[in-house]
Amino acid sequence: MLQDLESLAARVGQLVELSRRLQSQNETLVQRATRAEQERDALRDQLSQQAIEYKDVAAQAARHQAEMDALRAQADAEVHSLRQQAAQIESSLRAQADSAVAQLKEQLERQQAEQAAVRQNLQASQSETSSLRQAVESARQRIDAVLMRLPGAPQE
């Protein structure tokens with residue numbers, strides 16, 4: 001029986017030792033589980049923070065895209081307006097240029113007609129002057145002839 005008691009005591013000692021080891025392992029596992037939970041919580045917080053930051057960045061990107069779309073639409077509208085203004089100005093300038101060309105052509109035709117009339121007048125004047133010179137010369141010759149026939153005229 002003593003042997004049984006010793007055997008029982010040895011078994012109890014082994015059980016106590018095993019119990020201590022299990023308790024130590026249990027404490028280690030609890031500590032590891034606690035650390036794992038803390039890490040999980042930290043990672044969950046980090047993930048939540050990143051999700052919030054992602055939402056902020058996505059919202060900011062959406063705002064920027066909306067601003068870019070609005071600016072693009074505004075720029076397109078301004079370009080369209082400027083093109084219309086340029087077309088109107090071009091049309092107006094073409095009309096003015098066409099009018100000026102027509103006026104200049106008309107003025108050129110008038111001046112050419114006036115020049116032709118002046119040339120005709122000049123030719124008529126030159127012709128008349130030539131006729132008058134001939135008449136003057138003829139009259140001079142007749143006057144000289146009459147003067148030569150007058151009594152007391154010097155004889156050549």
Side-chain angles (χ1 to χ4, degrees), residues 17-156:
E17 183 62 33
L18 183 60
S19 171
R20 284 185 190 151
R21 265 191 276 141
L22 286 176
Q23 190 176 11
S24 174
Q25 287 177 355
N26 187 30
E27 287 175 7
T28 303
L29 288 175
V30 167
Q31 289 174 355
R32 285 177 59 192
T34 303
R35 279 195 305 264
E37 287 176 358
Q38 289 172 347
E39 286 178 20
R40 181 202 61 202
D41 291 343
L43 289 172
R44 187 178 293 153
D45 291 345
Q46 185 179 1
L47 182 61
S48 293
Q49 186 63 31
Q50 287 177 347
I52 291 169
E53 289 174 6
Y54 174 78
K55 286 180 184 177
D56 288 345
V57 168
Q60 188 177 14
R63 283 192 308 271
H64 285 294
Q65 185 64 41
E67 288 175 11
M68 286 176 46
D69 290 344
L71 288 174
R72 186 174 291 121
Q74 181 181 359
D76 289 345
E78 288 178 11
V79 165
H80 181 70
S81 174
L82 289 174
R83 283 184 179 158
Q84 285 181 334
Q85 288 176 0
Q88 289 173 349
I89 290 170
E90 181 183 7
S91 175
S92 174
L93 289 176
R94 282 181 192 231
Q96 289 176 0
D98 290 346
S99 174
V101 167
Q103 288 175 355
L104 289 173
K105 282 182 181 180
E106 185 179 310
Q107 186 178 4
L108 176 63
E109 289 172 359
R110 276 195 316 268
Q111 287 179 351
Q112 286 175 338
E114 287 176 11
Q115 184 182 15
V118 168
R119 280 188 182 155
Q120 285 178 348
N121 287 341
L122 177 62
Q123 286 176 348
S125 292
Q126 286 175 343
S127 176
E128 190 178 328
T129 301
S130 177
S131 295
L132 287 174
R133 281 189 183 149
Q134 287 176 356
V136 166
E137 188 58 34
S138 174
R140 188 176 289 146
Q141 287 175 358
R142 281 189 271 162
I143 290 174
D144 282 346
V146 168
L147 286 177
M148 292 291 256
R149 287 187 239 153
L150 285 177
Q155 298 288 327
E156 290 184 26

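Model, not experiment: these values are computed from the prediction.
Side-chain contact between Gln134 and Ser138: absent, with no pair of heavy atoms (C-beta onward) separated by less than 4.5 Å. Side-chain contact between Asp45 and Gln49 is absent, with no heavy atoms from C-beta onward closer than 4.5 Å.
With hydrogens and angles ignored, the 3.5 Å screen pairs a side-chain donor or acceptor of Thr129 with a backbone N or O of Ser125. Remark: the backbone N or O of Val30 is paired with a side-chain donor or acceptor of Thr34 at under 3.5 angstrom. A donor-acceptor distance shorter than 3.5 angstrom exists from the side chain of Thr28 to the backbone of Ser24, with no hydrogens or angles considered. In this structure a side-chain-to-backbone donor-acceptor pair under 3.5 Å is missing from Ser92 to Gln88.
The residues Arg110 and Glu106 are annotated as salt-bridged, a charged nitrogen and a carboxylate oxygen being separated by less than 4.0 angstrom. Remark: Arg40 does not engage Glu37 in a salt bridge, criterion side-chain N to carboxylate O under 4.0 Å. With respect to Arg94 and Glu90, a salt bridge is recorded, a charged nitrogen being found less than 4.0 Å from a carboxylate O.
Taken from CZ in Arg72 to CD in Gln65, the straight-line distance is 6.5 Å, to the nearest 0.5 Å. For the atom pair CG of Asn121 and CD of Gln126, the computed distance is 11.0 Å after rounding to the nearest 0.5 Å. A distance of 8.5 Å separates CZ in Arg119 from CD in Gln123, rounded to the nearest 0.5 Å. The distance from the CG atom of Leu22 to the CZ atom of Arg20 is 12.5 Å, given to the nearest 0.5 Å. Atoms CG and CZ, on Asp144 and Arg149 in that order, are 11.0 Å from each other to the nearest 0.5 Å. Note that CD1 of Ile143 and CE of Met148 are 14.0 Å apart. Values are rounded to the nearest 0.5 Å.
With 3.5 Å as the limit, one finds a donor-acceptor pair spanning the side chains of Gln74 and Glu78. No donor-acceptor contact under 3.5 angstrom links the side chains of Gln60 and Asp56, judged on distance only.
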*asked:* I'd like to know whether Glu128 forms a side-chain contact (heavy atoms from CB on, under 4.5 Å) with Leu132, so could you lay out the CA-CA distance, the side-chain angles of the two residues, the decisive distance to 0.1 Å, and finally the verdict.
replied: CA-CA 6 Å; Glu128 190 178 328; Leu132 287 174; 4.3 Å; yes

